[in-house]
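Working notes, structure below.
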Amino acid sequence: MSTEKLPARSENFSEWYNQVVLRAELADYAPVRGCMVIRPYGWALWENIQQALDRRFKETGHVNAAFPLFIPMSFLEKEKEHVEGFSPELAVVTVGGGETLEEPLVVRPTSETIIGYMYSKWIRSYRDLPVLINQWGNVVRWEMRTRLFLRTLEFYWQEGHTAHATEEEALEETLRMLNVYTDFAYNEAAIPVIPGRKSETEKFAGAVQSYTIEAMMGDTRALQSGTSHFLGQNFARAFDIQYLDRNNQLQYCWTTSWGLSTRFIGAIIMTHGDDQGLILPPRLAPIQIVIVPIYRSDTEQSQVMAVATQLHKQLSARFRVKVDDRSEVTPGFKFNDWELRGVPLRIEIGPKDVEKGVLTVARRDIPGKAGKSTIHPNNLEAQFAQLLDDIHLSLLKRATQFRDEHIFDPQNYEELKEVVQHGWAFSWWCGSAECEAKVKEDTKATTRCIPLEQPAGEGRCIVCGQRATQKVYFARAY
RNA sequence: CGGGGUGUGGCGCAGAUGGAAGCGCACCGCGUUUGGGACGCGGGGGUCGGCGGUUCAAGUCCGCCCACCCCGACCA
(Lines give C-alpha, C1' and ligand atoms only; values in the text may rest on other atoms or scores of the structure.)
Protein backbone atom coordinates (compact mmCIF):
# COMPACT_ATOMS: atom_id res chain seq x y z
CA MET A 1 0.00 0.00 0.00
CA SER A 2 1.21 3.43 -0.79
CA THR A 3 -0.23 6.81 0.03
CA GLU A 4 1.39 8.69 -2.81
CA LYS A 5 -0.55 9.91 -5.78
CA LEU A 6 -0.04 8.26 -9.12
CA PRO A 7 1.80 10.11 -11.86
CA ALA A 8 -0.70 11.92 -14.09
CA ARG A 9 -1.63 10.10 -17.29
CA SER A 10 -1.00 13.25 -19.29
CA GLU A 11 2.47 13.68 -17.80
CA ASN A 12 3.88 10.19 -18.13
CA PHE A 13 1.48 7.63 -19.48
CA SER A 14 3.77 4.62 -19.34
CA GLU A 15 4.86 5.33 -15.79
CA TRP A 16 1.22 5.76 -14.84
CA TYR A 17 0.52 2.37 -16.43
CA ASN A 18 3.32 0.57 -14.61
CA GLN A 19 2.37 2.00 -11.26
CA VAL A 20 -1.30 1.18 -11.69
CA VAL A 21 -0.45 -2.45 -12.47
CA LEU A 22 1.87 -2.76 -9.47
CA ARG A 23 -0.09 -0.75 -6.93
CA ALA A 24 -3.49 -2.17 -7.81
CA GLU A 25 -1.79 -5.53 -7.28
CA LEU A 26 -2.69 -6.91 -10.67
CA ALA A 27 0.83 -8.19 -11.26
CA ASP A 28 4.41 -7.97 -10.09
CA TYR A 29 7.81 -8.45 -11.67
CA ALA A 30 9.21 -11.98 -11.51
CA PRO A 31 12.90 -12.70 -10.87
CA VAL A 32 13.42 -13.55 -14.54
CA ARG A 33 13.71 -10.64 -16.97
CA GLY A 34 10.54 -10.06 -18.92
CA CYS A 35 8.42 -12.37 -16.80
CA MET A 36 5.65 -11.40 -14.46
CA VAL A 37 3.57 -12.84 -11.68
CA ILE A 38 -0.15 -12.32 -12.12
CA ARG A 39 -1.42 -11.65 -8.63
CA PRO A 40 -4.80 -12.80 -7.29
CA TYR A 41 -6.61 -9.59 -8.21
CA GLY A 42 -5.22 -9.65 -11.74
CA TRP A 43 -5.94 -13.34 -12.09
CA ALA A 44 -9.52 -12.85 -10.91
CA LEU A 45 -9.92 -10.34 -13.72
CA TRP A 46 -8.44 -12.84 -16.17
CA GLU A 47 -10.81 -15.53 -14.88
CA ASN A 48 -13.76 -13.28 -15.63
CA ILE A 49 -12.38 -12.63 -19.11
CA GLN A 50 -11.97 -16.39 -19.55
CA GLN A 51 -15.53 -17.06 -18.47
CA ALA A 52 -17.00 -14.47 -20.79
CA LEU A 53 -15.01 -15.80 -23.75
CA ASP A 54 -15.36 -19.47 -22.95
CA ARG A 55 -19.12 -19.13 -22.83
CA ARG A 56 -19.04 -17.57 -26.32
CA PHE A 57 -16.74 -20.32 -27.62
CA LYS A 58 -19.05 -23.04 -26.35
CA GLU A 59 -22.07 -21.27 -27.79
CA THR A 60 -20.40 -21.33 -31.20
CA GLY A 61 -19.74 -25.05 -30.97
CA HIS A 62 -16.18 -25.23 -29.71
CA VAL A 63 -14.73 -27.58 -27.11
CA ASN A 64 -11.64 -27.25 -24.95
CA ALA A 65 -8.58 -29.49 -24.89
CA ALA A 66 -4.95 -29.28 -23.79
CA PHE A 67 -1.88 -29.82 -25.95
CA PRO A 68 1.73 -30.11 -24.75
CA LEU A 69 4.03 -27.26 -23.84
CA PHE A 70 6.96 -28.82 -25.72
CA ILE A 71 7.09 -29.07 -29.48
CA PRO A 72 9.77 -30.89 -31.49
CA MET A 73 11.95 -28.30 -33.22
CA SER A 74 11.36 -29.98 -36.57
CA PHE A 75 7.62 -29.21 -36.37
CA LEU A 76 8.26 -25.49 -36.47
CA GLU A 77 10.37 -25.91 -39.58
CA LYS A 78 7.63 -27.52 -41.61
CA GLU A 79 5.87 -24.29 -42.49
CA LYS A 80 8.34 -21.88 -44.07
CA GLU A 81 6.80 -18.53 -43.17
CA HIS A 82 5.92 -19.80 -39.73
CA VAL A 83 9.47 -20.75 -38.80
CA GLU A 84 10.84 -17.53 -40.26
CA GLY A 85 8.42 -15.53 -38.18
CA PHE A 86 8.98 -17.33 -34.93
CA SER A 87 12.52 -18.67 -34.87
CA PRO A 88 14.08 -15.45 -33.53
CA GLU A 89 11.93 -15.61 -30.44
CA LEU A 90 11.96 -19.27 -29.51
CA ALA A 91 12.95 -20.69 -26.15
CA VAL A 92 14.61 -24.03 -26.83
CA VAL A 93 15.18 -26.92 -24.44
CA THR A 94 18.32 -28.86 -25.31
CA VAL A 95 18.90 -30.80 -22.10
CA GLY A 96 16.46 -33.00 -20.19
CA GLY A 97 17.24 -35.03 -17.11
CA GLY A 98 20.90 -34.19 -17.50
CA GLU A 99 21.10 -35.66 -21.03
CA THR A 100 21.45 -33.73 -24.25
CA LEU A 101 18.26 -34.27 -26.20
CA GLU A 102 18.27 -36.07 -29.54
CA GLU A 103 16.08 -33.31 -30.94
CA PRO A 104 15.73 -29.91 -29.29
CA LEU A 105 12.26 -29.05 -27.99
CA VAL A 106 10.83 -25.60 -28.34
CA VAL A 107 8.59 -24.18 -25.66
CA ARG A 108 5.45 -23.43 -27.66
CA PRO A 109 5.24 -19.88 -28.99
CA THR A 110 1.83 -20.88 -30.41
CA SER A 111 0.44 -24.32 -31.14
CA GLU A 112 -0.49 -24.51 -34.83
CA THR A 113 2.23 -27.07 -35.51
CA ILE A 114 1.64 -29.58 -32.77
CA ILE A 115 -2.12 -29.28 -33.11
CA GLY A 116 -1.77 -29.65 -36.87
CA TYR A 117 0.22 -32.82 -36.32
CA MET A 118 -2.51 -34.23 -34.09
CA TYR A 119 -5.26 -33.19 -36.48
CA SER A 120 -3.54 -35.13 -39.25
CA LYS A 121 -3.89 -38.22 -37.05
CA TRP A 122 -7.47 -37.56 -36.11
CA ILE A 123 -9.01 -36.46 -39.38
CA ARG A 124 -9.79 -39.10 -42.00
CA SER A 125 -13.18 -38.30 -43.44
CA TYR A 126 -15.36 -35.30 -44.23
CA ARG A 127 -17.52 -36.77 -41.47
CA ASP A 128 -14.79 -35.84 -38.96
CA LEU A 129 -15.09 -32.18 -39.91
CA PRO A 130 -15.20 -29.53 -38.74
CA VAL A 131 -12.86 -29.91 -35.77
CA LEU A 132 -13.44 -26.98 -33.43
CA ILE A 133 -10.99 -27.02 -30.51
CA ASN A 134 -9.85 -24.30 -28.16
CA GLN A 135 -7.03 -24.40 -25.65
CA TRP A 136 -6.47 -22.22 -22.57
CA GLY A 137 -2.79 -22.11 -21.81
CA ASN A 138 0.47 -20.26 -21.75
CA VAL A 139 3.10 -19.69 -24.42
CA VAL A 140 6.63 -18.31 -24.52
CA ARG A 141 8.10 -15.81 -26.94
CA TRP A 142 11.57 -14.48 -26.25
CA GLU A 143 10.83 -10.79 -26.75
CA MET A 144 13.53 -8.18 -26.58
CA ARG A 145 11.58 -5.49 -24.80
CA THR A 146 8.86 -6.40 -22.38
CA ARG A 147 6.10 -4.63 -20.50
CA LEU A 148 3.72 -5.90 -17.85
CA PHE A 149 0.74 -7.59 -19.55
CA LEU A 150 1.47 -5.97 -22.93
CA ARG A 151 4.49 -8.05 -23.82
CA THR A 152 6.06 -10.61 -21.51
CA LEU A 153 8.22 -13.62 -22.29
CA GLU A 154 5.49 -15.88 -21.08
CA PHE A 155 1.84 -15.04 -21.38
CA TYR A 156 -1.51 -16.70 -20.85
CA TRP A 157 -4.07 -16.85 -23.60
CA GLN A 158 -6.53 -19.02 -25.41
CA GLU A 159 -5.83 -20.32 -28.88
CA GLY A 160 -8.57 -21.79 -30.99
CA HIS A 161 -7.64 -24.16 -33.81
CA THR A 162 -10.18 -25.35 -36.30
CA ALA A 163 -10.13 -27.55 -39.40
CA HIS A 164 -12.77 -27.42 -42.13
CA ALA A 165 -13.70 -29.16 -45.35
CA THR A 166 -13.98 -26.03 -47.43
CA GLU A 167 -12.36 -22.66 -47.83
CA GLU A 168 -15.72 -20.91 -47.40
CA GLU A 169 -16.34 -22.63 -44.10
CA ALA A 170 -12.90 -21.76 -42.77
CA LEU A 171 -13.25 -18.14 -43.84
CA GLU A 172 -16.64 -18.02 -42.21
CA GLU A 173 -15.13 -19.41 -38.98
CA THR A 174 -12.32 -16.85 -39.07
CA LEU A 175 -14.81 -14.00 -39.24
CA ARG A 176 -17.18 -15.63 -36.76
CA MET A 177 -14.45 -15.64 -34.13
CA LEU A 178 -13.42 -12.10 -34.99
CA ASN A 179 -17.03 -11.18 -34.29
CA VAL A 180 -16.94 -13.09 -31.01
CA TYR A 181 -13.94 -11.01 -29.95
CA THR A 182 -15.59 -7.80 -31.07
CA ASP A 183 -18.76 -8.65 -29.18
CA PHE A 184 -16.76 -9.55 -26.10
CA ALA A 185 -14.75 -6.32 -26.24
CA TYR A 186 -17.85 -4.11 -26.57
CA ASN A 187 -20.23 -5.93 -24.27
CA GLU A 188 -17.95 -7.20 -21.52
CA ALA A 189 -14.99 -4.84 -21.50
CA ALA A 190 -16.68 -1.70 -22.86
CA ILE A 191 -13.82 -1.31 -25.32
CA PRO A 192 -14.84 0.00 -28.77
CA VAL A 193 -12.45 -2.05 -30.86
CA ILE A 194 -12.23 -1.79 -34.61
CA PRO A 195 -12.34 -5.14 -36.39
CA GLY A 196 -10.38 -5.41 -39.59
CA ARG A 197 -7.87 -7.23 -41.73
CA LYS A 198 -4.11 -7.07 -41.26
CA SER A 199 -1.84 -6.04 -44.10
CA GLU A 200 0.47 -8.59 -45.70
CA THR A 201 3.43 -7.35 -43.63
CA GLU A 202 1.52 -7.31 -40.37
CA LYS A 203 -0.16 -10.68 -40.67
CA PHE A 204 0.59 -13.80 -38.63
CA ALA A 205 3.54 -15.85 -39.82
CA GLY A 206 2.00 -18.67 -41.84
CA ALA A 207 -1.48 -17.22 -42.31
CA VAL A 208 -3.17 -16.40 -45.58
CA GLN A 209 -5.06 -13.62 -43.91
CA SER A 210 -5.06 -12.23 -40.38
CA TYR A 211 -7.88 -10.32 -38.81
CA THR A 212 -7.58 -8.20 -35.70
CA ILE A 213 -9.50 -6.13 -33.24
CA GLU A 214 -7.60 -2.89 -32.72
CA ALA A 215 -8.19 -0.72 -29.67
CA MET A 216 -7.12 2.84 -29.01
CA MET A 217 -5.35 3.34 -25.70
CA GLY A 218 -5.56 6.48 -23.56
CA ASP A 219 -2.37 7.85 -25.11
CA THR A 220 -3.87 7.22 -28.59
CA ARG A 221 -1.49 4.36 -29.36
CA ALA A 222 -3.08 1.28 -30.89
CA LEU A 223 -3.17 -2.13 -29.23
CA GLN A 224 -3.89 -5.31 -31.13
CA SER A 225 -6.27 -6.91 -28.67
CA GLY A 226 -7.21 -10.17 -30.34
CA THR A 227 -6.57 -11.91 -33.64
CA SER A 228 -8.23 -14.43 -35.92
CA HIS A 229 -6.31 -16.08 -38.75
CA PHE A 230 -7.38 -17.78 -41.93
CA LEU A 231 -4.56 -20.26 -42.50
CA GLY A 232 -5.74 -21.54 -45.86
CA GLN A 233 -4.17 -24.93 -46.54
CA ASN A 234 -0.69 -23.86 -45.41
CA PHE A 235 -0.60 -25.90 -42.24
CA ALA A 236 -2.76 -28.66 -43.68
CA ARG A 237 -0.12 -29.21 -46.38
CA ALA A 238 2.77 -28.90 -43.93
CA PHE A 239 1.22 -31.47 -41.59
CA ASP A 240 -0.78 -33.60 -44.00
CA ILE A 241 -4.16 -32.80 -42.60
CA GLN A 242 -6.23 -34.60 -45.24
CA TYR A 243 -9.67 -36.12 -45.51
CA LEU A 244 -11.68 -38.13 -47.98
CA ASP A 245 -14.62 -36.19 -49.35
CA ARG A 246 -18.00 -37.54 -50.39
CA ASN A 247 -16.57 -38.54 -53.76
CA ASN A 248 -13.75 -40.51 -52.16
CA GLN A 249 -11.24 -37.84 -53.19
CA LEU A 250 -8.36 -36.97 -50.84
CA GLN A 251 -8.51 -33.27 -49.91
CA TYR A 252 -6.47 -30.96 -47.73
CA CYS A 253 -8.30 -29.28 -44.88
CA TRP A 254 -8.69 -25.56 -44.47
CA THR A 255 -7.68 -24.35 -41.03
CA THR A 256 -8.01 -21.32 -38.79
CA SER A 257 -6.55 -20.14 -35.52
CA TRP A 258 -7.53 -17.32 -33.21
CA GLY A 259 -6.30 -15.99 -29.90
CA LEU A 260 -6.75 -13.45 -27.17
CA SER A 261 -4.25 -13.05 -24.36
CA THR A 262 -3.63 -11.50 -20.96
CA ARG A 263 -2.53 -8.50 -23.01
CA PHE A 264 -6.23 -7.69 -23.04
CA ILE A 265 -5.87 -6.71 -19.38
CA GLY A 266 -3.47 -4.01 -20.57
CA ALA A 267 -6.16 -2.85 -22.98
CA ILE A 268 -8.67 -2.54 -20.16
CA ILE A 269 -6.25 -0.58 -18.00
CA MET A 270 -5.22 1.83 -20.75
CA THR A 271 -8.70 2.33 -22.19
CA HIS A 272 -10.61 3.16 -19.03
CA GLY A 273 -8.14 4.18 -16.31
CA ASP A 274 -7.84 7.72 -14.98
CA ASP A 275 -5.46 9.62 -12.72
CA GLN A 276 -6.98 7.89 -9.69
CA GLY A 277 -6.07 4.49 -11.10
CA LEU A 278 -7.97 1.63 -12.64
CA ILE A 279 -11.56 1.77 -13.77
CA LEU A 280 -12.72 -1.78 -14.34
CA PRO A 281 -15.67 -2.48 -16.61
CA PRO A 282 -18.44 -3.76 -14.31
CA ARG A 283 -19.06 -7.05 -16.11
CA LEU A 284 -15.43 -8.14 -15.69
CA ALA A 285 -14.52 -6.49 -12.39
CA PRO A 286 -13.47 -9.03 -9.71
CA ILE A 287 -15.20 -6.82 -7.15
CA GLN A 288 -18.21 -4.96 -8.50
CA ILE A 289 -19.32 -3.35 -5.25
CA VAL A 290 -17.20 -2.53 -2.23
CA ILE A 291 -18.75 -1.58 1.09
CA VAL A 292 -16.81 0.83 3.29
CA PRO A 293 -18.09 1.10 6.86
CA ILE A 294 -17.51 4.37 8.71
CA TYR A 295 -17.66 4.74 12.49
CA ARG A 296 -16.09 6.35 15.54
CA SER A 297 -17.24 4.64 18.70
CA ASP A 298 -17.73 0.95 19.38
CA THR A 299 -21.48 1.51 19.40
CA GLU A 300 -21.36 3.09 15.98
CA GLN A 301 -19.14 0.31 14.76
CA SER A 302 -21.57 -2.41 15.77
CA GLN A 303 -24.53 -0.55 14.26
CA VAL A 304 -22.73 0.16 11.00
CA MET A 305 -21.22 -3.32 10.70
CA ALA A 306 -24.61 -4.91 11.26
CA VAL A 307 -25.99 -3.02 8.27
CA ALA A 308 -22.86 -3.68 6.19
CA THR A 309 -22.94 -7.40 6.89
CA GLN A 310 -26.61 -7.69 6.09
CA LEU A 311 -26.16 -5.72 2.87
CA HIS A 312 -23.19 -7.86 1.88
CA LYS A 313 -25.24 -10.98 2.33
CA GLN A 314 -28.16 -9.61 0.36
CA LEU A 315 -26.13 -8.31 -2.58
CA SER A 316 -23.76 -11.27 -2.82
CA ALA A 317 -26.50 -13.39 -4.32
CA ARG A 318 -26.30 -11.34 -7.47
CA PHE A 319 -23.08 -9.30 -7.44
CA ARG A 320 -19.41 -9.68 -6.56
CA VAL A 321 -19.28 -7.76 -3.28
CA LYS A 322 -16.66 -7.08 -0.64
CA VAL A 323 -16.85 -5.44 2.78
CA ASP A 324 -13.66 -3.55 3.64
CA ASP A 325 -13.59 -4.09 7.39
CA ARG A 326 -9.94 -3.20 7.88
CA SER A 327 -9.65 -1.32 11.16
CA GLU A 328 -6.12 -0.06 10.67
CA VAL A 329 -6.84 2.39 7.87
CA THR A 330 -9.24 5.31 7.66
CA PRO A 331 -12.28 5.54 5.38
CA GLY A 332 -10.49 8.20 3.32
CA PHE A 333 -7.65 5.81 2.68
CA LYS A 334 -10.08 3.09 1.65
CA PHE A 335 -11.84 5.38 -0.81
CA ASN A 336 -8.57 6.06 -2.56
CA ASP A 337 -7.48 2.46 -2.32
CA TRP A 338 -10.61 1.07 -4.00
CA GLU A 339 -10.53 3.77 -6.60
CA LEU A 340 -6.96 2.78 -7.44
CA ARG A 341 -8.21 -0.78 -7.80
CA GLY A 342 -11.00 0.29 -10.10
CA VAL A 343 -14.05 -1.08 -8.27
CA PRO A 344 -17.07 0.29 -10.18
CA LEU A 345 -19.33 0.98 -7.21
CA ARG A 346 -18.63 1.88 -3.60
CA ILE A 347 -21.18 1.96 -0.82
CA GLU A 348 -20.35 4.15 2.15
CA ILE A 349 -22.20 3.29 5.34
CA GLY A 350 -21.78 5.62 8.30
CA PRO A 351 -23.83 6.60 11.36
CA LYS A 352 -25.68 9.23 9.32
CA ASP A 353 -26.74 6.68 6.71
CA VAL A 354 -27.80 4.19 9.34
CA GLU A 355 -29.85 6.84 11.08
CA LYS A 356 -31.63 7.88 7.88
CA GLY A 357 -31.93 4.37 6.58
CA VAL A 358 -30.19 5.20 3.28
CA LEU A 359 -27.01 4.26 1.43
CA THR A 360 -24.36 6.56 0.02
CA VAL A 361 -23.15 5.23 -3.33
CA ALA A 362 -20.13 6.44 -5.30
CA ARG A 363 -19.58 5.67 -8.98
CA ARG A 364 -15.99 5.05 -10.03
CA ASP A 365 -16.52 6.45 -13.50
CA ILE A 366 -17.56 9.84 -12.12
CA PRO A 367 -14.85 11.05 -9.72
CA GLY A 368 -15.44 13.02 -6.54
CA LYS A 369 -18.69 14.39 -5.19
CA ALA A 370 -20.41 14.37 -8.59
CA GLY A 371 -20.41 10.58 -8.60
CA LYS A 372 -21.97 10.23 -5.15
CA SER A 373 -25.65 9.78 -4.56
CA THR A 374 -28.00 8.68 -1.84
CA ILE A 375 -30.25 5.73 -2.52
CA HIS A 376 -33.11 4.24 -0.61
CA PRO A 377 -32.90 0.55 0.16
CA ASN A 378 -35.98 -0.61 -1.70
CA ASN A 379 -35.44 -2.98 -4.59
CA LEU A 380 -31.70 -2.71 -4.11
CA GLU A 381 -30.71 -5.46 -6.53
CA ALA A 382 -32.48 -3.74 -9.39
CA GLN A 383 -30.96 -0.38 -8.49
CA PHE A 384 -27.43 -1.76 -8.42
CA ALA A 385 -27.91 -3.77 -11.59
CA GLN A 386 -29.05 -0.57 -13.26
CA LEU A 387 -26.09 1.39 -11.89
CA LEU A 388 -23.59 -1.21 -13.11
CA ASP A 389 -25.19 -1.21 -16.55
CA ASP A 390 -25.06 2.58 -16.61
CA ILE A 391 -21.37 2.50 -15.78
CA HIS A 392 -20.73 -0.03 -18.52
CA LEU A 393 -22.51 2.16 -21.05
CA SER A 394 -20.86 5.35 -19.90
CA LEU A 395 -17.41 3.75 -20.13
CA LEU A 396 -18.15 2.50 -23.62
CA LYS A 397 -19.53 5.87 -24.66
CA ARG A 398 -16.57 7.75 -23.25
CA ALA A 399 -14.03 5.43 -24.89
CA THR A 400 -15.86 5.60 -28.23
CA GLN A 401 -15.92 9.36 -28.09
CA PHE A 402 -12.21 9.49 -27.25
CA ARG A 403 -11.44 7.09 -30.09
CA ASP A 404 -13.45 9.03 -32.65
CA GLU A 405 -11.98 12.34 -31.56
CA HIS A 406 -8.51 10.96 -32.24
CA ILE A 407 -9.12 9.44 -35.64
CA PHE A 408 -8.17 11.83 -38.41
CA ASP A 409 -8.58 11.95 -42.15
CA PRO A 410 -5.39 13.66 -43.31
CA GLN A 411 -5.58 15.34 -46.71
CA ASN A 412 -1.96 14.74 -47.66
CA TYR A 413 1.15 12.92 -46.54
CA GLU A 414 2.45 15.86 -44.49
CA GLU A 415 -0.80 15.90 -42.53
CA LEU A 416 -0.59 12.15 -42.00
CA LYS A 417 2.87 12.50 -40.50
CA GLU A 418 1.49 15.07 -38.12
CA VAL A 419 -1.72 13.34 -37.00
CA VAL A 420 -0.17 9.98 -36.18
CA GLN A 421 1.81 11.73 -33.45
CA HIS A 422 -1.40 12.25 -31.47
CA GLY A 423 -3.97 9.92 -33.01
CA TRP A 424 -4.78 7.53 -35.83
CA ALA A 425 -4.91 8.34 -39.50
CA PHE A 426 -7.70 6.75 -41.55
CA SER A 427 -6.48 6.97 -45.12
CA TRP A 428 -6.72 5.52 -48.58
CA TRP A 429 -3.89 3.13 -49.20
CA CYS A 430 -2.79 1.43 -52.41
CA GLY A 431 -1.87 -1.72 -50.53
CA SER A 432 1.82 -1.76 -51.32
CA ALA A 433 4.37 -2.75 -48.71
CA GLU A 434 6.62 0.09 -49.89
CA CYS A 435 4.13 2.76 -48.90
CA GLU A 436 3.55 1.02 -45.58
CA ALA A 437 7.29 0.88 -44.93
CA LYS A 438 7.73 4.53 -45.78
CA VAL A 439 5.13 5.58 -43.23
CA LYS A 440 6.77 3.38 -40.63
CA GLU A 441 10.18 4.81 -41.43
CA ASP A 442 8.97 8.41 -41.31
CA THR A 443 6.63 8.21 -38.32
CA LYS A 444 6.93 4.83 -36.53
CA ALA A 445 3.25 4.38 -37.31
CA THR A 446 2.23 1.09 -38.92
CA THR A 447 -0.92 -0.07 -40.63
CA ARG A 448 -3.16 -1.38 -37.87
CA CYS A 449 -6.04 -2.74 -39.86
CA ILE A 450 -8.13 -2.44 -42.96
CA PRO A 451 -11.51 -2.18 -41.27
CA LEU A 452 -14.30 -4.45 -42.40
CA GLU A 453 -16.54 -1.43 -42.76
CA GLN A 454 -15.25 0.51 -45.75
CA PRO A 455 -16.50 3.75 -47.25
CA ALA A 456 -17.94 3.57 -50.75
CA GLY A 457 -15.87 4.42 -53.78
CA GLU A 458 -12.14 4.73 -54.08
CA GLY A 459 -9.40 7.28 -53.58
CA ARG A 460 -5.71 8.02 -53.95
CA CYS A 461 -3.05 6.42 -51.75
CA ILE A 462 -2.05 8.90 -49.05
CA VAL A 463 1.59 7.99 -49.62
CA CYS A 464 2.14 7.47 -53.36
CA GLY A 465 -1.00 8.93 -54.88
CA GLN A 466 -1.83 5.80 -56.86
CA ARG A 467 -5.40 4.53 -57.12
CA ALA A 468 -6.57 2.97 -53.86
CA THR A 469 -9.66 0.89 -53.18
CA GLN A 470 -9.40 0.58 -49.41
CA LYS A 471 -8.89 2.75 -46.37
CA VAL A 472 -6.53 1.71 -43.60
CA TYR A 473 -5.69 2.91 -40.11
CA PHE A 474 -2.14 4.08 -39.53
CA ALA A 475 -1.10 4.40 -35.89
CA ARG A 476 1.76 4.00 -33.51
CA ALA A 477 1.21 0.71 -31.73
CA TYR A 478 2.21 -1.17 -28.61
C1' C B 1 23.19 -6.50 -30.39
C1' G B 2 24.23 -0.72 -30.46
C1' G B 3 23.53 4.05 -27.29
C1' G B 4 22.48 5.92 -22.30
C1' G B 5 21.66 5.04 -17.06
C1' U B 6 21.27 2.62 -12.23
C1' G B 7 22.72 -1.04 -8.39
C1' U B 8 22.98 1.08 -0.34
C1' G B 9 16.90 -2.21 4.90
C1' G B 10 10.50 -4.36 1.56
C1' C B 11 10.02 0.47 -1.66
C1' G B 12 12.10 5.43 -2.85
C1' C B 13 16.62 7.78 -1.94
C1' A B 14 21.08 10.51 0.74
C1' G B 15 25.92 9.28 1.97
C1' A B 16 32.44 15.91 -1.25
C1' U B 17 37.81 15.40 -0.08
C1' G B 18 38.45 7.06 2.20
C1' G B 19 37.78 7.18 9.12
C1' A B 20 31.48 3.89 13.78
C1' A B 21 25.66 3.02 7.47
C1' G B 22 21.49 7.26 7.52
C1' C B 23 16.49 9.56 5.95
C1' G B 24 11.24 9.15 4.16
C1' C B 25 7.49 5.58 3.30
C1' A B 26 6.14 0.60 4.46
C1' C B 27 6.35 -3.06 8.66
C1' C B 28 5.66 -4.51 14.39
C1' G B 29 3.74 -2.76 19.56
C1' C B 30 0.84 0.72 22.60
C1' G B 31 -2.40 4.86 22.76
C1' U B 32 -5.38 8.64 20.50
C1' U B 33 -8.01 8.89 15.72
C1' U B 34 -11.72 7.43 11.59
C1' G B 35 -17.68 10.96 6.23
C1' G B 36 -11.56 11.85 0.99
C1' G B 37 -4.75 9.19 1.45
C1' A B 38 -4.62 10.43 10.47
C1' C B 39 -1.12 11.38 14.58
C1' G B 40 2.18 10.54 18.94
C1' C B 41 5.62 7.46 21.46
C1' G B 42 8.48 3.02 21.26
C1' G B 43 10.62 -0.91 18.09
C1' G B 44 12.61 -4.63 14.29
C1' G B 45 15.19 -4.92 9.82
C1' G B 46 21.02 -3.60 5.53
C1' U B 47 27.57 -9.37 4.26
C1' C B 48 26.21 -1.29 0.60
C1' G B 49 25.04 -6.22 -6.90
C1' G B 50 29.46 -9.98 -7.10
C1' C B 51 34.73 -11.19 -7.24
C1' G B 52 39.59 -9.37 -6.89
C1' G B 53 43.01 -5.32 -5.78
C1' U B 54 45.13 -0.58 -3.31
C1' U B 55 45.18 0.97 2.03
C1' C B 56 46.31 0.87 9.04
C1' A B 57 41.14 1.62 7.23
C1' A B 58 36.73 0.94 1.22
C1' G B 59 29.57 2.17 0.34
C1' U B 60 33.44 5.76 -1.20
C1' C B 61 39.58 4.61 -5.05
C1' C B 62 41.18 0.83 -9.19
C1' G B 63 40.13 -3.69 -12.33
C1' C B 64 36.96 -7.46 -14.04
C1' C B 65 32.16 -9.54 -14.02
C1' C B 66 26.75 -9.65 -13.24
C1' A B 67 21.85 -7.80 -13.06
C1' C B 68 18.08 -4.42 -14.03
C1' C B 69 15.90 0.10 -16.32
C1' C B 70 15.36 3.68 -20.50
C1' C B 71 16.09 4.70 -26.07
C1' G B 72 16.65 1.91 -30.94
C1' A B 73 16.26 -2.91 -34.33
C1' C B 74 12.01 -7.39 -33.21
C1' C B 75 6.95 -8.28 -31.51
C1' A B 76 0.33 -10.46 -29.38
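So you know, we letter chains A, B, ... as the sequences are listed, proteins then strands, and number each from 1.
Among Gln158(A), His229(A), Arg176(A), the single residue meeting the side-chain contact (heavy atoms from CB on, under 4.5 Å) criterion with Trp258(A) is Gln158(A). Across Phe184(A), Trp157(A), Phe149(A), Phe155(A), a single residue satisfies ring-ring contact (aromatic ring centres under 6.0 Å, His included) together with Phe264(A), and that is Phe184(A).
Residues from residues 347-377 of chain A placing a heavy atom under 4.0 Å of any atom in RNA chain B, listed by number, are Glu348(A), Gly350(A), Pro351(A), Lys352(A), Asp353(A), Thr360(A), Lys372(A).
Checking G36(B), C74(B), G35(B) against every side-chain atom of Glu143(A), the shortest atom distance belongs to C74(B).
Within the model, atoms CZ of Arg108(A) and CD1 of Ile114(A) stand 8.5 Å from one another, a figure rounded to the nearest 0.5 Å.
Checking A21(B) for Watson-Crick or G-U wobble geometry (two distances, each under 3.5 Å) identifies no partner in any strand. With both pairing distances under 3.5 Å, G44(B) is matched to nothing as a Watson-Crick or G-U wobble pair. Under the Watson-Crick or G-U wobble criterion, with both distances below 3.5 Å, C39(B) is paired with G31(B). Under the Watson-Crick or G-U wobble criterion, with both distances below 3.5 Å, A14(B) has no partner in any strand shown. Base pairing annotation: A58(B) forms no Watson-Crick or G-U wobble pair, as no partner gives both donor-acceptor distances under 3.5 Å. With a cut-off of 3.5 Å on both pairing distances, the Watson-Crick or G-U wobble partner of G2(B) is C71(B).
Among the heavy atoms of the strands, none lies under 4.0 Å from Arg147(A). Looking at heavy-atom distances under 4.0 Å, Leu150(A) makes contact with a base. Heavy atoms of Thr262(A) sit nowhere under 4.0 angstrom from any nucleic acid atom. Using a 4.0 Å heavy-atom distance criterion, Ser261(A) is classed as a base contact.
Comparing the P positions of C74(B) and G46(B) gives a spacing of 47 Å, expressed to the nearest Å. Only the C1' atoms considered, G12(B) is 31 Å distant from G63(B), to the nearest whole Å.
When the nearest nucleotides of RNA chain B are assigned to Tyr29(A) and Phe149(A) by heavy-atom distance, the more 5′-ward of the two goes with Tyr29(A).
For a distance-only test at 3.5 Å, the side chain of Arg296(A) fails to qualify as a donor-acceptor partner of the base of G35(B).
Applying the side-chain hydrogen bond (donor to acceptor under 3.5 Å, both in side chains) criterion to Glu89(A), with sequence neighbours excluded, gives no partner residue.
Counting only distance, with no hydrogens or angles, the side chain of Asn48(A) and the backbone of Leu284(A) share a donor-acceptor pair below 3.5 Å.
Distances shorter than 4.0 Å separate none of the side-chain N or O atoms of Thr330(A) from OP1 or OP2 on G37(B).
Under a cutoff of 6.0 Å and an axis angle of 45°, Arg221(A) and Tyr478(A) form a cation-pi pair.
Here A16(B) is in the syn range [glycosidic angle within 90° of 0].
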